[in-house]
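Worksheet for the structure shown next.
All values derive from a computational prediction rather than experimental measurement.
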Amino acid sequence: RGSPSRCRFDVAEDLWPADVDKGQIGQVVQNIVINASQAVPQGTSIDVSLRNEEVGAEMAQVLTPGRYIKLTIADHGPGIPADDLPKIFDPYFTTKKQGSGLGLTTVHSIVKKHRGHISVESALGQGATFRIWLPAAANAPEAAARRGATAPPFAAGPARILFMDDEEQIRKVGQAILGRLGYEVTTVNDGAAAVQEYTRAREQGRPFGLVILDLTVPGGVGGRQAMEQLLKIDPAVRAIVSSGYSNDQVLSDHRAHGFKGMVLKPYEIGDVAKVVQRVLRGESA
């Protein structure tokens with residue numbers, strides 16, 4: 001966000017599941033991508049790919065032979081000098097004027113704790129490529145069976161949903177998920193706009209069946225304040241609170257604030273589908 005760089009993704013459709021901590025592996029990807037982006041202030045393309053790989057004796061010195069998910073992150077930046085390559089995972093080593101030098105050290109630590117391996121290849125003027133192997137989950141079901149077992153339920157009938165979030169990318173994701181589930185979606189960027197849109201829709205005789213409100217809007221009206229106003233307009237409003245902070249007091253007792261359900265970011269389509277359908281049926285989720 002806020003960078004001229006862009007990512008290109010290439011993920012195998014038959015990818016094996018991996019037994020990993022989503023937050024920690026997310027941090028691994030974030031640290032590497034941020035480094036790549038900062039190395040090229042004018043912007044670059046960053047390629048992220050995921051593949052299945054059977055590791056054999058050729059890598060026995062660093063990995064136990066078996067099934068792995070191979071994550072590759074490659075940039076097209078200035079590259080890493082040969083003298084620096086052996087030191088990039090060392091604590092406090094950095095070539096930046098500002099920085100702790102702990103970003104790639106953290107990456108290395110997380111990968112090792114997952115019983116994985118990380119390597120890097122680079123040459124001056126030719127970018128850098130990080131390769132990460134993470135163990136596939138034991139006795140994993142086949143991809144087709146997994147997709148069939150976890151396919152989210154689709155909407156039983158049409159409904160209009162008002163979706164509020166201050167981040168454009170989150171609004172796009174929310175609209176895509178809810179649209180795929182069969183709902184008509186209107187998006188707004190803060191709570192004040194949500195209240196205005198909800199009021200306008202009621203006056204026009206096309207009320208929203210559900211509202212999804214982001215809890216925190218820096219410098220604007222957040223979900224809690226918007227909900228207070230919506231309840232005055234329509235005591236029967238059906239609303240879901242959304243946030244990326246699971247320890248927020250409103251989330252721990254969302255019903256006390258008038259919400260019928262809650263969803264955490266980043267969104268999983270199955271979780272969103274379940275909560276939305278339950279609230280539309282008049283149930284609490």
Identified salt bridge (charged side-chain N to carboxylate O under 4.0 Å, His left out) counterpart of Glu53 within the set Arg131, Arg67, Lys70: Lys70
Using 30° and 60° as the class boundaries, would you call the ring planes of Tyr198 and Phe208 parallel, tilted or perpendicular? parallel
Starting from Val272, can I reach Ile170 by hopping between I/L/V/M/F/W/Y residues whose side chains sit under 4.5 Å apart? yes
Would you say the side-chain atoms of Asn52 pair up with the backbone N or O of Asp14, donor to acceptor, closer than 3.5 Å? yes
Arg202/Glu197 salt bridge by N-O under 4.0 Å criterion: no
Tell me every residue that passes side chain to side chain donor-acceptor pair (under 3.5 Å) with Tyr68, counting only those two or more places apart in sequence or in another chain. none
Could you check whether any side-chain N or O of Ser242 sits under 3.5 Å from a backbone N or O of Ile212, counting only pairs where one atom can act as donor and the other as acceptor? no
Of the non-hydrogen atoms in Arg8 and His76, which two are nearest, and what is the gap between them? NH2-NE2, 3.7 Å
Please confirm whether His108 and Phe89 have ring centers closer than 6.0 angstrom. yes
Spatial distance of atom CE (Met59) from atom NE2 (His117) [nearest 0.5 Å]: 5.0 Å
Name of the residue among Val188, Val237, Val241, Asp234 meeting side chain to side chain contact (heavy atoms under 4.5 Å, CB included) with Val211: Val237
Is there a path of hydrophobic side-chain contacts, each under 4.5 Å between heavy atoms of I/L/V/M/F/W/Y residues, joining Leu63 to Val111? no
Please confirm whether the backbone N or O of Thr105 pairs with a side-chain atom of Ser109, one donor and one acceptor, at under 3.5 Å? no
Going hydrophobic residue to hydrophobic residue with side-chain gaps under 4.5 angstrom, can you get from Leu134 over to Val62? no
Side-chain donor or acceptor of Gln175 paired with backbone N/O of Val173 under 3.5 Å: no
Rounded at 0.5 Å granularity, tell me how far OG in Ser122 sits from CD1 in Ile80. 4.5 Å
Is the shortest distance from a Lys or Arg side-chain nitrogen in Glu168 or Lys172 to a carboxylate oxygen in the other one below 4.0 Å? yes
Expected output: side-chain Thr129 to main-chain Ala74 donor-acceptor under 3.5 Å: no
Main chain of Leu280, side chain of Arg238: is a donor-acceptor contact present, judged purely on distance under 3.5 Å? yes
Rounded to the nearest 0.5 Å, what's the gap from CD1 on Ile73 to CD1 on Ile32? Could you check? 4.0 Å
Out of curiosity, does Ile118 fall in the hydrophobic cluster containing Val55 (side-chain heavy atoms, cut-off under 4.5 Å, transitive links)? no
Carboxylate-amine/guanidinium contact Arg206 Glu184, below 4.0 Å: yes
Just verifying a value: how many Å separate Leu215 CG and Met227 CE, rounded to the nearest 0.5 Å? 12.0 Å
Ala226 and Val195 have their tightest heavy-atom pair at O-CG2, 3.9 Å
Can you list everything that forms a salt bridge (charged side-chain N to carboxylate O under 4.0 Å, His left out) with Lys265? Sequence neighbours excluded, please. Asp165, Asp214
Would Val221 and Leu162 show up in the same hydrophobic cluster when neighbours are defined by side-chain heavy atoms closer than 4.5 Å? no
In terms of heavy-atom contacts, does CZ of Arg6 have more than 12 from other residues, nucleotides or ligands at under 6.0 Å? no
Return the CE to CG distance between Met164 and Leu213, rounded to the nearest 0.5 Å. 4.5 Å
